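One structure below.
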Amino acid sequence: MNYLLGKTLGDLEQLAAEQGMPAFAAKQMAQWLYQKRVQDIAAMSNLSLKCRQNLADNYAVGLSAPCAVQQSADGTKKYLLEVAGNPLATIETVYIPSNDRATLCVSSQAGCRMGCTFCATARMGFVQHLSATDILNQILSIPESAMLSNLVLMGMGEPLDNLQAVLQSLQIITAEWGMGWSPTRITLSTIGVHSGLVRFLDETGCHLAVSMHSPFDEERRSLMPMQKAYPIAQTLDIIRRYDWTGQRRVSFEYILFAGINDSPKHALAVARLLQGLECRVNLIRFHALPNSPLRGAGTSTIEQFQQHLQRHGVITTVRTSRGEDILAACGMLATKNREQNA
Ligand code: SF4
């Protein structure tokens with residue numbers, strides 16, 4: 001089945017021409033899809049009946065409701081969704097309400113091939129890239145869709161490893177003809193896939209979060225094998241070419257593992273790496289995985305690490321864990337495919 005959800009205005013213009021529809025129908029379709037959020041082509045009432053019938057012969061909207069939900073004691077909800085066109089593949093998306101915002105943690109791939117040793121998604125291996133339909137469906141199909149204030153591409157997968165679909169989705173989310181969001185309400189998190197990073201920084205105005213986890217090459221490589229291909233020093237060289245003094249922000253994610261990357265020496269090296277860069281470090285508590293030798297640093301160690309960084313002039317926050325009881329917290333997302341579940 002072909003889906004309309006995920007198509008840009010340019011795609012819809014081409015589709016309108018192919019279907020013999022008037023050119024202005026493209027904008028009308030975009031409004032129905034991204035602003036009025038219809039579930040059915042029949043509801044696109046300002047398209048002629050014939051146009052709607054022709055369209056419905058070849059396309060569906062592509063919105064599909066989550067197939068399961070779990071709710072945490074802290075109000076976080078984890079939704080399970082099917083991947084369009086592959087009923088065997090599923091993904092998770094996490095809704096995180098707080099006092100002043102409602103954030104959705106969006107997945108960009110089913111599984112991941114980056115192999116980070118602390119991540120449940122990595123253990124699934126790589127299943128497939130998500131299409132723009134799948135990415136937008138996470139945002140538009142959950143019951144809280146209209147309440148969302150922020151998006152973070154921090155769910156399953158490495159967004160810059162699925163660049164085309166991610167950039168297309170961001171275009172639709174931020175375009176006036178699309179969902180009309182400010183890019184400053186969106187943060188993309190990456191380990192630093194360099195070619196994708198440059199295009200993301202050039203082509204969007206969204207915030208950037210970089211997974212650092214260690215300032216030292218060998219150690220980072222043992223936690224994140226892709227350090228070999230995308231060294232953090234080169235990632236920082238790219239980031240320093242851009243202006244971070246305005247509305248756009250860059251932050252660095254740092255999970256603290258007990259006895260590995262939580263010493264004052266590490267804090268000093270992080271501060272040196274980030275010297276002169278307008279940025280923030282987010283310290284994250286590690287959520288233990290079964291059969292993993294990694295352990296999370298304790299609360300007092302996390303606080304001391306924060307103080308070390310702050311003494312060296314680095315703005316540092318400790319990120320609150322959300323949804324740990326339903327395995328929805330950072331690094332815990334993973335699904336089985338249906339065959340495995342059976
Ligand atoms: S932390 Fe991110 S990039 Fe690394 S394996 Fe997990 S999902 Fe992939």
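Whatever order the structure lists ligands and atoms in, that order sets their numbers, starting from 1. All values below come from the heavy atoms of this structure, side chains included, with hydrogens, waters and symmetry mates left out. Source: prediction; values computed, not measured. Numbers here simply count residues along the sequence, with the first being 1.
- Around atom 8 (Fe) of ligand 1, the protein atoms of type N, O or S found under 2.8 Å away are C112 SG, listed by chain and number.
- Side chain of T133 to main chain of G6: no donor-acceptor pair is present (N/O by atom type, distance under 3.5 Å, no hydrogens or angles).
- Taking the salt bridge (charged side-chain N to carboxylate O under 4.0 Å, His left out) definition, one finds that E203 meets it with R199, sequence neighbours left out.
- Contacts classified as ring pair (Phe, Tyr, Trp, His ring centres under 6.0 Å) and involving residues 259-290 (residues at least two apart or in different chains) are given here: F216-H266, F257-F286.
- Side-chain contact annotation: S108 with E158, donor-acceptor N/O pair under 3.5 Å absent.
- Judged as a salt bridge (charged side-chain N to carboxylate O under 4.0 Å, His left out), and not counting sequence neighbours, the contacts of R113 are D161.
- Side-chain contact check for R248 and T204: at least one donor-acceptor pair (N or O, by modelled atom type) lies under 3.5 Å.
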